[in-house]
Amino acid sequence: MTPESVSDDLQNRLSTILERQARICAGTVQLLGLESLRDRLGARWPAVRDRVHQLTERLLKQSLDPADIVFPYGTDTYLVVFARLDERAASLLCARILQDLQRLLLGDADAATIVVRTAVRQVSGDLVVRPHRLSDMMSDAADADAASESGAESGADSGGGSGVDHQGPPGGRAPATLAGAGGAAGEPGWVPLTAQGGGSFRQEDVTAAWAARGQLGPLEIVYRPVWDAIHQSVSLYVARGRRVRRGGQAVYGYDTIPQTAAGSLSAENLAAILEMDEETMRQAIAVYLDLYDSRFRFYLSLPVHYETLAAMRRRRSYLALAGRIPAHLVPFLSYHLVGLPAGTPTGRLADFVTALRPVGRGVTVEVRLGRQDMGILEAAGVKGVGVTLPGADDPLALPTALDSPGAERPPADRVATDLGLVAAEAQRRRLKLYVEGVHTVEAEALIDRVGADFLAGDLIGGWTMTPRHIARLTRVELLANSRQTSGR
């Protein structure tokens, strides 16, 4: 594999980074492309691209050191600046991420198709990218391990067994094997390079590099159709904010707001949450008014965060805006409460429900999967509960294992059990059940067995800029349409 040429735009951006290497102590610059996944997914790629990018960004966040920098370049490539890793270790780490992606999304990984590239400046001054194939790196790593074991055995035979340094060659560098790149917790397969020039990776350099990736695009409000399983129709749409990165990946809802750990939101975070809730309401109501004048009718669910209602000042601001909603639209509106902390008193939740009652049909509360007591929700006057499937039946949905490093991907029977517990409790409390993340026929069949009132996901329909008029859709028609769409 010979070095590849570099576009002028990328040449300029990489030159800027590489010229500053001595000052910022960057060990190497890698280009991590999703071409192998795009090729293997084929015609399915456009439909799942956004979720693949979300999964990639979560894996990168978990795998990189806090001093490393990553930002998108183009449509399906990430540029990663490693603060201290050398070319070999960084290439192995990026290849391992691509390998994990293939296994998560496709069930297996083809090492021959996984290629990562390193940006290097030649003696002549030209900038090229040097490709590394995972299968070749695995072979080299196996040869290195065999040589290391052979050397250790020779040392033991010569009588120096107790004095041999098994940590690696002189200088303390351990061999960067593929197994090490996969990484047992706390046991990296390499030793970071010594900082060049004796400096440290400065925060202002991290900030400058992140600024180079570009900000998220403007907030736009999109809508997802919801299937009413009881009345066999698509009559409800859920609204959500969306921002699009320069590379094209979409970020939804409150994920567009940089938040710290739960319970330690800054004043800026809280203000941004309120602003998003209010802007979602403004844009959604404006769209509905136009559609209403064109004789379109549908039900609309607006998201509202717990933090928006928790403080009296923010609640008053939100309710003042809601109070300006035209009276003829109020019967078509409901609210989806997000981020309700566990243990919230009944009285406090009842205050929220009472405050929203004059401006909508009712409140649905987002809950987790599994056994729980919904008595507080019933007593507070909540109309329904909403859950999101973790994707056990859909290999292209984001697995919950990424939210909790080291956790196992939940099997389908566990998801079915947890969903059944939620459904049974919701029925016992006379609460409507809304399930999001229904991307496959298998997931719909699971929900049909346990019982749910409303379903949303790729199986029902993707995000759209404009809701449609209420339409009848039987379960037979829903499944038939899904098979035609998937080409089966």
Side-chain angles (χ1 to χ4, degrees), residues 1 4 27-42 44-45 48-65 68 70 72-73 75-82 85-119 129-146 174-190 249 391-392 394-410:
M1 301 178 70
E4 303 173 3
T28 183
V29 178
Q30 297 285 326
L31 282 83
L32 189 151
L34 303 180
E35 297 86 356
S36 61
L37 272 172
R38 184 181 59 204
D39 293 343
R40 293 190 67 185
L41 286 168
R44 302 176 67 191
W45 175 255
V48 301
R49 180 175 173 273
D50 284 348
R51 280 187 284 157
V52 172
H53 275 284
Q54 291 175 33
L55 180 55
T56 303
E57 291 177 6
R58 290 195 182 189
L59 283 173
L60 283 166
K61 182 178 180 180
Q62 290 182 1
S63 303
L64 299 182
D65 185 270
D68 300 332
V70 59
Y73 175 78
T75 56
D76 299 317
T77 301
Y78 292 86
L79 196 151
V80 188
V81 183
F82 288 90
L85 295 186
D86 61 11
E87 178 179 336
R88 183 165 179 250
S91 299
L92 280 170
L93 189 149
C94 289
R96 188 264 297 173
I97 291 175
L98 291 176
Q99 185 181 41
D100 288 347
L101 280 170
Q102 287 198 6
R103 285 175 176 165
L104 285 169
L105 301 174
L106 302 170
D108 64 89
D110 183 1
T113 67
I114 297 176
V115 178
V116 295
R117 294 166 290 166
T118 306
V129 289
R130 182 161 50 212
H132 304 277
R133 195 186 303 274
L134 177 57
S135 56
D136 296 335
M137 289 189 284
M138 292 173 66
S139 177
D140 293 342
D143 293 342
D145 287 345
T177 64
L178 184 65
E187 298 178 2
W190 56 77
Q249 347 28 333
D394 179 13
L396 291 174
L398 295 178
T400 54
L402 296 180
D403 296 322
S404 179
E408 296 183 357
R409 185 187 181 96

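What's counted below: heavy atoms across the whole structure, side chains too, no hydrogens, waters or symmetry copies. Since the structure is predicted, the reported quantities are computational estimates derived from the model, not experimental observations. Residues: numbered from 1 along the sequence shown.
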### Task
Report yes if the side chains of Trp45 and Asp39 come closer than 4.5 Å at any heavy-atom pair, otherwise no.
no
### Message
Could you check whether any side-chain heavy atom of Leu93 comes within less than 4.5 Å of a side-chain heavy atom of Val80, counting everything from C-beta outward?
### Response
no
### Query
What distance do Gln102 atom CD and Leu34 atom CG have between them, rounded to the nearest 0.5 Å?
10.5 Å
### Query
Could you walk me through whether Lys61 and Val70 pass the side chain to side chain contact (heavy atoms under 4.5 Å, CB included) check?
CA-CA 9 Å; Lys61 182 178 180 180; Val70 59; over 6 Å; no
#### Entry: Value rounded to 0.5 Å, distance of CG in Leu101 from NE2 in His53
10.5 Å
#### Entry: Which atom of Leu98 lies closest to which atom of Gly33, heavy atoms considered
CD2-O, 3.5 Å
## Note on the structure
Only one of Leu55, Val48, Asp50 passes side chain to side chain contact (heavy atoms under 4.5 Å, CB included) with Val52, and that residue is Val48
### Query
Between Leu41 and Arg49, is any pair of side-chain heavy atoms under 4.5 Å apart?
no
### Query
Is the closest side-chain heavy-atom distance between Thr56 and Leu59 below 4.5 Å?
no
#### Entry: Sequence-distant partners of Arg38, side chain to side chain donor-acceptor pair (under 3.5 Å), two or more places apart
Asp76
